[in-house]
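A short write-up of the structure that comes next.
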Amino acid sequence: MSSGGTRQTSYITMTSSAVANNSNPNPITGVAGDDADLIGSHCQYTYCNQLDFLPFLCQSCHKTFCLDHRTESSHTCSQAGAWAERKRLAALARPSAGEGKRMRDLVAQKPCADDACKTVVGTSLVPGVHCPTCNRDYCLKHRLKEDHDCASKIPIGARPGAAQATKFAEGAKSALERFKVWGAAKKEAASRSLPKPKPSSAAARVVAVNVLKKTAKGDDKLAPEKRVYVYVEAEAETAKAKFPKGQFFYSRDWVIGRVLDAAAKSLQVQNINNQSNDERDRLRVFHVEGGRLLDFNEKVGTALVSGNTIVLLRGVGQPPDLIEL
């Protein structure tokens, strides 16, 4: 009797422990107990009731089904098409992409504005690209300004008169004269550290370049044979800088545009060339020894030599316009 009571007490204790363990939810399945049958869901289709570990939820009737009865037709959905109807109504409620905007022209389809191109733009396959400079629409092949000769075209809607053209030419010539005088002054300032190129001063120029190499800053990982050492200044009137001048070296394989970005960052000059197409806001590089503006695509190795001086200017226009005038 005593042994039977002991076994009964032990059985009651084990049962209580099991109930206590089953009362705690499984952190993985989110259900109480460790029963494997509680993982997943049973198919709610009539006469199926299959246990599926990855059940499917019907978006129309909001019931769970197995793989075989996941579609509305397979489980004879009581609200067939409700999900598709909700999706259609949601799509109609969204504003269209062109709502609140006006088309550029009354005719959606038109030929490419390039004279030699007959491609029709404004279609679903060729949407067309609008050039804000000449105010015309082009196909993808002629979308760039260089491809459709944008510089030689008169913008649509513009009224170029003789007085306006004369005023523009006079302003460009006055700007050129101003920079010639300014460049001569910069040459004199540069001659203090780098003597003028005279046959007898070659040794002095070598000494000045050697001194420049000791003070110039740049990427130390750049090979010495690829370095070009230059003096960099920022014009006080147009390109205000925290540091007005400095000595730096750049790779001879770089283009002038990359040198401009690096110099502007070093002197802490505001550089918005990538944000604005207005020449009044764009920075340019002026070569003091050459007396000209350098193009962004020129190589450092061909445009500069060690010991030269370059100056950052703003609002001087493109180099070809000033040189032609």
Side-chain angles (χ1 to χ4, degrees), residues 172-219 222 224-241 243-267 269 271 273 279 282-325:
K173 289 182 179 179
S174 62
L176 179 62
E177 295 296 333
R178 178 168 59 91
F179 284 113
K180 283 184 177 179
V181 176
W182 183 85
K186 287 297 180 180
K187 285 184 179 180
E188 293 181 0
S191 63
R192 301 175 184 174
S193 57
L194 184 62
K196 296 181 179 180
K198 297 180 180 179
S200 60
S201 61
R205 291 197 301 273
V206 172
V207 172
V209 172
N210 291 334
V211 174
L212 176 61
K213 290 181 179 181
K214 296 179 181 179
T215 58
K217 300 178 181 179
D219 188 4
L222 187 62
E225 62 272 9
K226 290 188 176 182
R227 298 180 181 180
V228 176
Y229 299 83
V230 293
Y231 300 93
V232 181
E233 298 183 16
E235 186 192 17
E237 296 182 2
T238 60
K240 296 182 180 180
F243 306 101
K245 61 179 62 178
Q247 298 84 32
F248 306 98
F249 63 86
Y250 307 104
S251 173
R252 62 174 54 252
D253 298 330
W254 285 14
V255 294
I256 297 300
R258 185 174 179 181
V259 172
L260 185 148
D261 294 337
K265 183 178 181 181
S266 300
L267 299 181
V269 179
N271 182 12
N273 284 14
E279 286 295 337
R282 294 168 66 88
L283 288 174
R284 292 284 178 177
V285 178
F286 182 77
H287 185 204
V288 174
E289 284 73 15
R292 67 183 183 92
L293 292 172
L294 300 179
D295 191 77
F296 293 148
N297 296 327
E298 292 188 57
K299 289 284 188 179
V300 174
T302 58
L304 302 174
V305 295
S306 294
N308 285 170
T309 302
I310 58 175
V311 183
L312 304 184
L313 305 174
R314 192 187 307 277
V316 297
Q318 299 180 0
D321 296 338
L322 293 178
I323 291 176
E324 290 176 1
L325 295 174

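What you see is a predicted model; the values in this text were computed from it and never measured.
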Enter the distance from Leu293:CG to Phe296:CZ here, rounded to the nearest 0.5 Å.
-> 9.0 Å
Is the Lys NZ or Arg CZ of Arg227 less than 6.0 Å from the centre of Phe248's six-membered ring, within 45° of the axis?
-> no
Arg258 backbone acceptor or donor facing Asp261 side chain under 3.5 Å | no
Check whether any side-chain heavy atom of Val300 sits under 4.5 Å from a side-chain heavy atom of Val230, and report yes or no.
-> no
With a 4.5 Å heavy-atom cut-off, do Arg314 and Val269 have their side chains touching?
-> yes
Partners passing ring-ring contact (aromatic ring centres under 6.0 Å, His included) against Phe249 (at least two apart in sequence or in another chain) | Tyr229
Between CG of Asp295 and CD1 of Ile256, what distance do you get to the nearest 0.5 Å?
-> 9.0 Å
State the OG-CZ distance between Ser306 and Arg252, to the nearest 0.5 angstrom.
-> 7.5 Å
Interatomic distance, Arg284 atom CZ to Ile310 atom CD1 [nearest 0.5 angstrom] | 14.0 Å
Is the backbone N or O of Pro244 less than 3.5 Å from a side-chain atom of Glu233, with the two atoms forming a donor-acceptor pair by type?
-> no
Start with the C-alpha distance between Glu298 and Val285, add both sets of side-chain angles, then the distance that settles side chain to side chain contact (heavy atoms under 4.5 Å, CB included), and finish with yes or no.
-> CA-CA 11 Å; Glu298 292 188 57; Val285 178; over 6 Å; no
Where do Ala303 and His287 come nearest, in terms of heavy atoms and distance?
-> O-CE1, 3.5 Å
Roughly how far, to the nearest 0.5 Å, is OG of Ser266 from NZ of Lys245?
-> 16.0 Å
Roughly how far apart are Asp219 CG and Lys226 NZ, rounded to 0.5 Å?
-> 12.0 Å
Where the side chain of Asn271 meets the backbone of Asn273, is there a donor-acceptor pair that is under 3.5 Å apart?
-> yes
Near Lys299 NZ, under 6.0 Å, is it more than 12 heavy atoms from other residues, nucleotides or ligands?
-> yes
Note: Ala264 and Leu283 closest approach over all heavy atoms is CB-CD1, 4.2 Å
Side chain to side chain contact (heavy atoms under 4.5 Å, CB included) assessment of Tyr250 paired with Val232 = CA-CA 11 Å; Tyr250 307 104; Val232 181; 3.9 Å; yes
